[in-house]
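What follows is one structure encoded as structure tokens, with my remarks underneath.
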Amino acid sequence: MARVAIVTDSAADLDPASASALGITVIPLIVSFGSTSYRAGVDLTTEAFWERMTAPDAPFPTTAASSPGTFREAFEGCFTAGADALVCVDVGSTLSGTFKSAQIARELLPEREIYLVDSRSASMGVGLLAMLGAALAREGVPADAIARTLEIRVADVEVIVVLDTLEFLRRGGRISGPKATIGTLLGVKPIISVRDGAVDTIDRVRTRSRARERAISFLTSEPIESLAILHTMSADLEAFSQALLAAVPDGIDATRVSSQLIGSSVGPHIGPGAVGAAILRRRPS
């Protein structure tokens with residue numbers, strides 16, 4: 001039976017222990033604070049990233065894709081370790097240059113069986129697809145069939161997050177200063193969605209409790225196959241998690257639920273205090 005390696009990048013927000021347990025190789029993106037750069041999840045843990053991110057007078061972090069050379073090295077490592085084929089699922093190509101690096105790396109290894117999947121998502125939207133790929137690989141599904149399945153399931157993935165503040169969207173250049181100031185004065189809590197490669201504001205709510213309720217309503221509007229609860233050092237994570245799980249239609253297997261701290265690829269744009277989830281919607285039988 002052919003062994004299929006599953007690869008993703010650190011924008012998937014899979015914690016190292018979970019990725020290792022599932023046999024998923026994670027390629028680190030680059031995060032920089034001023035002139036100092038780190039490999040996300042390697043030189044800088046997600047917890048350490050948030051300590052720096054929220055430190056007084058800390059420079060606003062920037063992120064960059066890993067190089068094609070880094071991808072090639074990781075791909076070669078999988079084959080050296082015994083893989084016969086490889087499926088790599090990456091952060092959305094409309095959101096990052098990471099997928100392009102993976103494409104170049106594949107071209108540098110024309111003799112190898114390598115399939116690339118554009119998740120058209122971010123954070124655990126990518127992670128849920130990588131986890132599904134790993135489950136299929138363990139079942140002995142061939143690499144080409146795994147890639148086809150993941151490409152189909154991309155349409156079932158969505159990330160929805162309630163932001164605590166507009167300040168970090170302003171600092172990241174996503175909205176203007178006046179809009180951020182007015183929104184902050186009004187106590188606006190935007191709800192953003194990442195789906196099919198696009199980031200959209202799907203609602204703006206005046207209080208945090210109502211914003212949480214609206215986010216849960218969006219998340220549970222259809223049956224869910226698996227989900228990952230997301231946060232950025234949020235004080236009300238537990239309350240949000242309990243309310244979300246209670247609202248999931250038909251319930252959900254607790255083993256298919258994880259809770260992840262959003263990392264350095266998405267974190268700079270949403271800031272601390274955010275809560276939400278990535279979901280893989282259930283397909284009709």
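Source: prediction; values computed, not measured.
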Query raised in the report: In Å, rounded to the nearest 0.5 Å, how long is the span from CD1 of Ile24 to SG of Cys88?
Result: 11.0 Å
Query raised in the report: Met131 versus Leu22: any side-chain heavy-atom pair under 4.5 Å?
Result: yes
Query raised in the report: Linking Ile, Leu, Val, Met, Phe, Trp and Tyr by side-chain heavy atoms under 4.5 Å, what else ends up with Val7?
Result: Ile27, Phe71, Phe75, Phe79, Leu86, Phe99, Leu109, Ile114, Leu116
Query raised in the report: What are the two closest non-hydrogen atoms of Ala122 and Val194, and how far apart are they?
Result: N-CG1, 4.2 Å
Query raised in the report: Are Arg282 and Glu225 ion-paired here, with the side-chain N under 4.0 Å from a carboxylate O?
Result: no
**Report entry** Minimum side-chain heavy-atom gap Lys189-Asp203 below 4.5 Å
**Finding:** no
**Report entry** Close side-chain approach of Ile192 and Ile160, heavy atoms under 4.5 Å
**Finding:** no
Requested in this report: Using a 4.5 Å cut-off on heavy atoms from C-beta on, say whether the side chain of Val159 contacts that of Ser121.
Outcome: yes
**Report entry** Within 6.0 angstrom of Glu73 CD, more than 12 heavy atoms from elsewhere
**Finding:** no
Query - Exercise: identify the closest heavy-atom pair between Ser264 and Ala40 - result: OG-CB, 3.5 Å
Query raised in the report: Would a distance-only check, ignoring hydrogens and angles, find a side-chain to backbone donor-acceptor pair under 3.5 Å from Trp50 to Ile262?
Result: yes
Report summary line: All heavy atoms of Ala143 vs all of Ala85, minimum pair found to be CB-CB, 3.5 Å
Report task. Would you please test Glu238 and Gln242 for side-chain hydrogen bond (donor to acceptor under 3.5 Å, both in side chains) and show each step? Result -> CA-CA 6 Å; Glu238 185 63 28; Gln242 291 178 358; 3.0 Å; yes
Query raised in the report: Shared ILVMFWY cluster between Ile202 and Val205, side chains joined below 4.5 angstrom?
Result: yes
Report task. Please test Thr98 against Ser96 for side-chain hydrogen bond (donor to acceptor under 3.5 Å, both in side chains), starting from the C-alpha separation and ending with a verdict. Result -> CA-CA 5 Å; Thr98 301; Ser96 168; 2.7 Å; yes
Query raised in the report: Is Arg208 salt-bridged to Asp236, cutoff N-O under 4.0 Å?
Result: yes
Requested in this report: Using the side-chain contact (heavy atoms from CB on, under 4.5 Å) rule, take Val161 and His231 through it: C-alpha gap first, then chi angles, then the decisive distance, then the call.
Outcome: CA-CA 8 Å; Val161 178; His231 71 104; over 6 Å; no
**Report entry** Salt bridge flag under 4.0 Å for residues Arg120 and Asp196
**Finding:** yes
Report summary line: Between Val91 and Ala11, the two heavy atoms sitting closest are CB-CB, 3.7 Å
**Report entry** 4.5 Å side-chain heavy-atom contact, Thr63 and Ile30
**Finding:** no
Requested in this report: Establish, for the pair Arg214 and Phe218, whether the NZ or CZ atom is under 6.0 angstrom from the six-membered ring centre and no further than 45 degrees off its axis.
Outcome: yes
Requested in this report: Could you tell me whether the side chain of Val157 reaches within less than 4.5 Å of the side chain of Leu129, counting heavy atoms only?
Outcome: yes
Report task. Decide if atom CZ of Arg281 counts as having more than 12 heavy atoms of other residues, nucleotides or ligands within a radius under 6.0 Å. Result -> yes
Query raised in the report: What distance separates Asp156 CG from Ile279 CD1, expressed to the nearest 0.5 Å?
Result: 9.5 Å
Query raised in the report: Can you check whether Ile6 reaches Val4 side chain to side chain, under 4.5 Å on heavy atoms?
Result: yes
Query raised in the report: How far apart are the C-alpha atoms of Asp15 and Ser18, what are their side-chain angles, what is the distance that settles it, and do they pass the side-chain contact (heavy atoms from CB on, under 4.5 Å) test?
Result: CA-CA 6 Å; Asp15 68 83; Ser18 296; 2.7 Å; yes
Query raised in the report: In terms of hydrophobic clusters joined by side-chain contacts under 4.5 Å, are Ile104 and Val117 together?
Result: no
**Report entry** CA sep, side-chain torsions, deciding dist, call: Ser123, Gln260, side-chain hydrogen bond (donor to acceptor under 3.5 Å, both in side chains)
**Finding:** CA-CA 9 Å; Ser123 187; Gln260 303 288 351; over 6 Å; no
Query raised in the report: According to a 4.5 Å side-chain heavy-atom criterion applied to Ile, Leu, Val, Met, Phe, Trp and Tyr, with indirect links allowed, do Leu29 and Tyr38 form part of one hydrophobic cluster?
Result: no
Report summary line: Of all heavy-atom pairs linking Ile216 and Ala247, the shortest is CG2-CB, 3.7 Å
**Report entry** Sidechain-backbone polar pair: Thr80 side chain, Glu76 backbone, donor-acceptor under 3.5 Å
**Finding:** yes
Report summary line: CG of Leu261 to OG1 of Thr232, rounded to nearest 0.5 Å, is 7.5 Å
Query raised in the report: Are Leu132 and Arg153 close enough that some pair of their side-chain heavy atoms sits under 4.5 Å apart?
Result: yes
Query raised in the report: Which of parallel (below 30°), tilted (30 to 60°) and perpendicular (above 60°) describes Phe33 and Phe49?
Result: tilted
